[in-house]
Amino acid sequence: MSNERRAWHKASYSGGSGSCVEVAEGQTTGIRDTQNRNLGYLDLPASEWTALLSALRTN
């Protein structure tokens with residue numbers, strides 16, 4: 001999916017530090033660095049995004 005057509009939002013795990021991660025959730029989940037949007041994004045299957053969040057919650 002085109003980067004411009006995604007509904008990006010700040011990830012709740014970013015906190016208030018100013019070093020943010022943005023996500024665009026859907027069938028695939030896009031992940032990008034707020035401060036370096038021009039460098040692109042990673043696309044993960046939704047199941048992998050869910051697994052990553054689960055792993056973060058347990059640590």
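These numbers come from the heavy atoms of this one structure, side chains and all, not from hydrogens, waters or symmetry mates.
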- Do any N or O atoms from the side chain of T50 and from the backbone of A46 form a donor-acceptor pair under 3.5 angstrom? yes
- Item | Sub-4.5 Å side-chain heavy-atom contact between R37 and W8 | no
- Would L39 and I31 show up in the same hydrophobic cluster when neighbours are defined by side-chain heavy atoms closer than 4.5 Å? no
- Query: Among all residues two or more places apart in sequence or in another chain, which pass the side chain to side chain donor-acceptor pair (under 3.5 Å) test with N38?
  - Reply: none
- Query: With sequence neighbours left out, what residues match E48 under side chain to side chain donor-acceptor pair (under 3.5 Å)?
  - Reply: none
- Note: E22-K10 ion pair, threshold 4.0 Å (strictly below): no
- Message: So, applying side chain to side chain contact (heavy atoms under 4.5 Å, CB included) with R6, which one of V23, T29, D43 is it?
- Response: D43
